[in-house]
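Quick note: residue numbers are just sequence positions, from 1.
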Amino acid sequence: MAKQGLAQFRELSGARRRLGGDLQSEVATRARDPFESNYMGVIRPNDSVLLDKGGGADQYRIYRDLKRDGKVFSGLQKRALALIGRPWLVEPVKSLKNSTAATTDAEIVADILKQSGFDKLCKDILEATLMGWAIDETIWGIREGQIVPLKYRKRAQRRFVYVEEDGDDQLRMLVQEDMVRGIVLPERKFIVHCVNPEDENPYGTGLGHQLYWPVFFKRKGLIAWNKLNDRFGSPTPWGKYRRGASPAEKATLFDALRALSNDGVVITPDDAAIELLESKLTGSISSQAQLCAYMDDWIAEVILGQEPRTQSGGALASASKERRDVRLDLVQADADLLSETLNSTLLPWICELNGLAPCQVYRVIKEEEDLKAQSETDKNVYEMGFKPTLDSVRSKYGDGWDAREQPPAGTPSMPAALAAFAEAVRSGDQDEIDRVLDGLPADRLAQASVAMIQPILDVAQGALSYDDLLARCQAAYPKMDTSRLQAMLANALFGAETYGRLTGDSL
């Protein structure tokens, strides 16, 4: 054992020498970038839209303002809620999956998350999809003897900056005492979710970078469209007064025109002429509407990967393709990035503070199954002679299912009856066919009918009047047993249908 330990030590030492110091550290850090100008070590976002159009203390307001556009808001909601609506699971880390104690600890962590508003936290930090990064503060407390997150609070990005400190990016919070570098944050307190970091950019790059210009042009198009509608939607009243008219006469004419329209009026002498320089375009002017539609397509493609309506067979085909393929991929990618953030922050914090085994959380993302196709497959398998278990039925079709009652004793099973019936048809023996049909029901028609109406017959004999008979029949109606008659009729219909399918004739 001593020799084996010494050999492992020598092998590890050799590996470290081969690895070398430079291979274990970052070399091309942002601090060594000669084109980077950091003031007092504060790292600025390298998002060109934020740098050019942001400005001011809250440069991220231009991205938050994008959500005022209905197309942007609906697309972001669709993408975020598609992820939040998926179930999530907590499991031990891979090395502890076979441990019973670790599995129990994972169940404890899952219960803690359920009581802390975990889905709300996920929705809050998914704002990083638009902004590039999102910050949530965790408020801890004690519940049932455990240190747990009681609630989460989303914080504005303008209040935080990254500072280069000892070769590492450190998140700090700006306060009145220090509006440049900010103060150091406590550990296990702030969850930061970042997407698309580029070139040592800890702030990330969100979809706002691509959405700013289509929303900008769309708003310009809507303004021009509304001006066009305002100008040509209703006529402008034009009044003419004679030369030499008094101010009172002009005022009377003006008031009369104002009564016709509040948008604007024109009064001139009767020999004056007014002309408008009109565009040489003929027909309806739809350039503004086309511009807005084009920008909506641009927005949908950025957020959802949805192809423009003029391609791939139109809007319906594009939406179907999106639901079937692209959106599932986007939800999977968003879920993976979100899980990476939570599994490096919140989950380790909970486990460390409570002495629990390390675990991880993830969303279950899978394509929705076609239940109709699945049921048809199950039906075909059942007709082959197999039957599903009750657990498998519930796992596929949800809870609320139970095994159905078995047919009365003596009634041949459907596969057996079908086999006997098919054999009779193939042999061409009509007597055998009749025998099989006679044997399918448990009792004869008359017996089944009498048994069904027997509760009515029992109470009808003592009736004193029509009203009394009607009341007795209504009271006895729920006691009527129709199961035997139903079974017989079902077998008869089964026999007739099967005979027709196998022979092409009717009974």
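Looking only at side-chain heavy atoms (C-beta outward), D169 and E164 come within less than 4.5 Å of each other. In this structure the side chain of V184 reaches within 4.5 angstrom of the side chain of R172, judged on heavy atoms. Between I112 and Q146 the shortest side-chain heavy-atom distance falls below 4.5 Å. Between P45 and Q59 there is a side-chain heavy-atom pair separated by less than 4.5 Å. By the 4.5 Å heavy-atom criterion applied to side chains, L338 and D334 are not counted as neighbours. Put simply, the side chain of I43 reaches to within 4.5 Å of the side chain of P202, judged on heavy atoms. The side-chain heavy atoms of L291 and M295, taken from C-beta on, include a pair separated by under 4.5 Å. For the pair C292 and L222, the minimum side-chain heavy-atom distance is below 4.5 Å.
Here the straight-line distance linking atom CD1 of I84 with atom CG of L126 works out to 5.0 Å at 0.5 Å rounding. In this structure, CG on N201 lies 4.0 Å from CG on N46, to the nearest 0.5 angstrom. Separating the CG atom in D58 from the CZ atom in R158 is a distance of 5.0 Å, to the nearest 0.5 Å. Note that CG of L207 is 7.0 Å distant from CG of L76, once rounded to the nearest 0.5 Å. Distance check, rounded to the nearest 0.5 Å: CG of D329 to CD1 of I365 gives 11.0 Å. Remark: H209 NE2 to L50 CG distance equals 9.0 Å, nearest 0.5 Å.
Among residues two or more places apart in sequence or in another chain, the ring pair (Phe, Tyr, Trp, His ring centres under 6.0 Å) test is passed with F160 by F190. P358 pairs by the side chain to side chain contact (heavy atoms under 4.5 Å, CB included) definition with V93, L96, not counting sequence neighbours. Evaluation of the side chain to side chain contact (heavy atoms under 4.5 Å, CB included) rule for V42 yields V161, V163, V180, R181 as partners, not counting sequence neighbours.
The aromatic rings of Y63 and Y60 sit perpendicular to each other, their planes meeting at more than 60°, with 30° as the lower class boundary. Ring geometry for W133 versus Y203: interplanar angle over 60°, hence perpendicular rather than tilted (30 to 60°).
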Full working for side-chain contact (heavy atoms from CB on, under 4.5 Å) between I135 and K154: CA-CA 6 Å; I135 307 169; K154 185 170 68 172; over 6 Å; no
Between M131 and H193, does the side-chain contact (heavy atoms from CB on, under 4.5 Å) criterion hold? Intermediate values first, please. CA-CA 10 Å; M131 312 291 286; H193 183 48; over 6 Å; no
Checking L130 against L211 for the side-chain contact (heavy atoms from CB on, under 4.5 Å) test, could you report, in this order, the C-alpha distance in whole Å, the side-chain angles of both residues, the deciding distance, and whether it holds? CA-CA 9 Å; L130 174 68; L211 293 174; 4.0 Å; yes
Between T138 and I191, does a side-chain contact (heavy atoms from CB on, under 4.5 Å) hold up when you go through it step by step? CA-CA 7 Å; T138 307; I191 302 172; 3.6 Å; yes
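Between D65 and R219 there is a salt bridge, since a side-chain N of the basic residue sits under 4.0 Å from a carboxylate O of the acidic one. The residues D296 and K218 are annotated as salt-bridged, a charged nitrogen and a carboxylate oxygen being separated by less than 4.0 angstrom.
When each of R153, K189, R159 is checked for a salt bridge (Lys or Arg N to Asp or Glu O under 4.0 Å) with E137, only K189 meets the rule. The only member of R363, K114, R86 that meets salt bridge (Lys or Arg N to Asp or Glu O under 4.0 Å) when paired with D119 is R363.
The two residues D124 and A134 come nearest to each other via the heavy atoms O-CB, 4.1 Å. In plain terms, the two heavy atoms of C359 and V109 that are nearest each other are SG-CG2, 3.6 Å. Here the shortest heavy-atom pairing between L304 and G75 reads CD2-O, 3.8 Å. Nearest heavy-atom pair across Q210 and W298 is O-NE1, 4.2 Å.
Every pair passing ring-ring contact (aromatic ring centres under 6.0 Å, His included) that includes a residue from residues 74-132 is listed here, sequence neighbours excluded: W88-F118. Within the structure, every pair that satisfies the salt bridge (charged side-chain N to carboxylate O under 4.0 Å, His left out) test and touches residues 96-113, not counting sequence neighbours, is listed here: E91-K97.
Between the W140 side chain and the R188 main chain, a donor and an acceptor come within less than 3.5 Å of each other. Side-chain atoms of R79 come within 3.5 Å of backbone N or O of I303 as a donor-acceptor pair. In this structure, the side chain of D178 does not engage the main chain of I183 through any donor-acceptor pair within 3.5 Å.
By the 6.0 Å contact criterion, CG on D52 is enclosed, its count of non-hydrogen atoms from other residues, nucleotides or ligands being greater than 12.
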Can I get a per-line list of side-chain donor-acceptor pairs under 3.5 Å for residues 342-351, giving both atom names and the distance, sequence neighbours left out?
from	atom 1	to	atom 2	distance (Å)
N343	OD1	V361	N	2.8
N343	ND2	S339	O	3.0
N343	ND2	V361	O	3.1
S344	OG	E340	O	3.0
S344	OG	T341	O	3.0
T345	OG1	T341	O	2.6
W349	NE1	T345	O	3.3

